[in-house]
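This is the structure I want to talk about, given as structure tokens.
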Amino acid sequence: MNSAIIAGTGIYEIPGFEFEKKQVETPYGPALVNIGRKDGFDLVFLGRHGLDHTTPPHKINFRANIKALQILGVKRVLVTNAVGSINREIPPMGLALLTDFLDFTNGRSFSFYDGEKSGLTHTNMDVPYCPAMSRKILELAPTFNLQIRSHAVYVATNGPRFETPAEIRMYDRLGGDVVGMTGVPEVVLARELNIHYAAVAYSINWAAGLEENMEFVSGKMSEIRQRLASLLVRTLQELESLDCSCEKALMVMHPPEA
Ligand code: HPA
């Protein structure tokens, strides 16, 4: 099982696929995944918040989720992130490929390499999101009548509360384009396991303080989200060998004990 999609708020199914639920046991706890097949193509589908949306961002077991994908043999993951817009060029309903991030989360388990028996690695984050998979997403987007901005800096906050206007002004000055609660440490953990990972953000609101009232357009986006999910499936189906350095990112100082 080579390919997976991790979906955020609002995407709870993939058009054309029927899934079977499976609980995968990992050293970090169980992970609930969905396994499906369409036209001979196998796909693992994982809803970050659980498919009934009951897990808050700060309680997501990111390590169990990513480890479960590795146990199932997944090498390529495409994800979606619901976000708020900081940059005026990415308005609500807009889509953007993530190319970098700023991490403001705290208290999360952000590494598989936790010292001693679990080893120690410094992970290169020069290019955090797989550029080869990202290019393919952009190439295929017009086929699904989707416009996707080619680059965006994702600000990861801890949630579950939204930000204050002052925080958003700070993130803006630091170069953040969109803000969400779940993109980190997921992207880092995938890199630690040599799993290629690319992400498309879809904006459901202006971030705090940008408009008088925070309004959410999620309800109006279901058709776009469906096309986005179909685009990600097609991307995974059409990808061949990947021209990138994702699997050369680990500087292992001390390997984990088996
Ligand atoms: N802030 C943080 N996370 C979010 C937002 C936001 O405005 N919108 C969707 N996810």
Side-chain angles (χ1 to χ4, degrees), residues 5-13 46-62 65 77-108 110 128-129 146-149 151-190 197-229 232:
I5 288 179
I6 303 178
T9 306
I11 299 185
Y12 305 113
E13 53 186 50
L46 207 154
R48 248 186 229 111
H49 299 275
L51 291 186
D52 48 359
H53 206 125
T54 48
T55 312
H58 62 291
K59 295 237 173 105
I60 295 173
N61 191 340
F62 291 102
N65 286 351
V77 182
L78 296 183
V79 314
T80 64
N81 296 95
V83 295
S85 298
I86 301 173
N87 186 333
R88 291 279 180 193
E89 289 179 18
I90 310 170
M93 311 273 285
L95 306 177
L97 208 54
L98 300 184
T99 43
D100 209 337
F101 67 80
L102 293 163
D103 181 11
F104 284 89
T105 63
N106 61 71
R108 299 184 182 190
F110 47 80
Y129 300 89
L146 289 171
Q147 266 197 346
I148 303 184
R149 192 176 196 261
H151 54 100
V153 175
Y154 178 93
V155 179
T157 61
N158 222 37
R161 71 167 175 86
F162 287 113
E163 302 68 40
T164 66
E167 286 171 330
I168 292 299
R169 286 196 297 278
M170 173 182 76
Y171 296 144
D172 188 19
R173 284 183 198 163
L174 294 177
D177 294 306
V178 294
V179 57
M181 304 172 188
T182 55
V184 182
E186 194 175 83
V187 53
V188 180
L189 293 168
Y197 180 105
V200 179
Y202 58 95
S203 171
I204 58 171
N205 59 286
W206 287 114
L210 267 75
E211 298 283 301
E212 207 165 322
N213 297 309
M214 241 170 131
E215 276 178 31
F216 294 87
V217 299
S218 348
K220 292 189 215 151
M221 285 194 81
S222 59
E223 200 263 329
I224 293 179
R225 277 195 301 258
Q226 282 211 340
R227 274 187 279 140
L228 176 58
L232 298 187

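Values reported hereafter were calculated over all heavy atoms of this structure, with side chains retained and with hydrogens, waters and symmetry mates removed. All ligand and atom numbering here is 1-based and tracks the order in the structure. Since the model is a prediction, treat every value here as computed from it, not as a measurement.
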Considering only heavy atoms from C-beta outward, does the side chain of Arg48 approach that of Val79 to under 4.5 Å?
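In short, these two side chains touch, coming nearer than 4.5 Å.
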If you measure every N/O of Phe162 against every N/O of ligand 1, is any gap under 3.5 Å?
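It does not: no N or O of Phe162 is found under 3.5 Å from an N or O of ligand 1.
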Asn205: numbered ligand 1 atoms lying under 4.0 Å from its heavy atoms
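Answer, ordered by atom number: 5 (C), 6 (C), 7 (O), 8 (N), 9 (C).
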For ligand 1, which atoms sit closer than 4.0 Å to a heavy atom of Glu163?
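The list of qualifying atoms is 1 (N), 2 (C), 6 (C), 7 (O).
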Evaluate the ring planes of Tyr171 and Phe104, with Trp represented by its six-membered ring, and classify them as parallel (under 30°), tilted (30 to 60°) or perpendicular (over 60°).
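Ring orientation of Tyr171 relative to Phe104: tilted.
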Any idea which part of Val83 is under 4.0 Å from ligand 1, heavy-atom wise: side chain, backbone, both or neither?
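The answer is the backbone of Val83.
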Among Gly180, Ser218, Ala82, which one puts a heavy atom closest to atom 3 (N) of ligand 1?
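Nearest option to atom 3 (N) of ligand 1, by heavy atoms: Gly180.
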Give the atom numbers and elements of ligand 1 that come within less than 4.0 Å of a heavy atom of Met214.
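With Met214 as reference, the close atoms of ligand 1 come out as 7 (O).
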Quick one, Leu97 with Tyr129, criterion side chain to side chain contact (heavy atoms under 4.5 Å, CB included). Give me CA distance, side-chain angles, the key distance, then yes/no.
CA-CA 9 Å; Leu97 208 54; Tyr129 300 89; over 6 Å; no
Tell me, with the steps shown, if Asn205 and Glu211 meet side chain to side chain contact (heavy atoms under 4.5 Å, CB included).
CA-CA 10 Å; Asn205 59 286; Glu211 298 283 301; over 6 Å; no
Quick check on contacts: which atoms of ligand 1 are under 4.0 angstrom from a heavy atom of Ile204?
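What qualifies from ligand 1 is 9 (C).
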With side chain to side chain contact (heavy atoms under 4.5 Å, CB included) as the test, would you mind laying out the steps for Val188 and Phe101 before giving the verdict?
CA-CA 10 Å; Val188 180; Phe101 67 80; 3.8 Å; yes
Taking it one step at a time, do Leu189 and Asn65 satisfy side chain to side chain contact (heavy atoms under 4.5 Å, CB included)?
CA-CA 10 Å; Leu189 293 168; Asn65 286 351; over 6 Å; no
Who's the nearest protein heavy-atom neighbour of atom 4 (C) of ligand 1, and how far?
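The answer is Val179 O, 3.6 Å.
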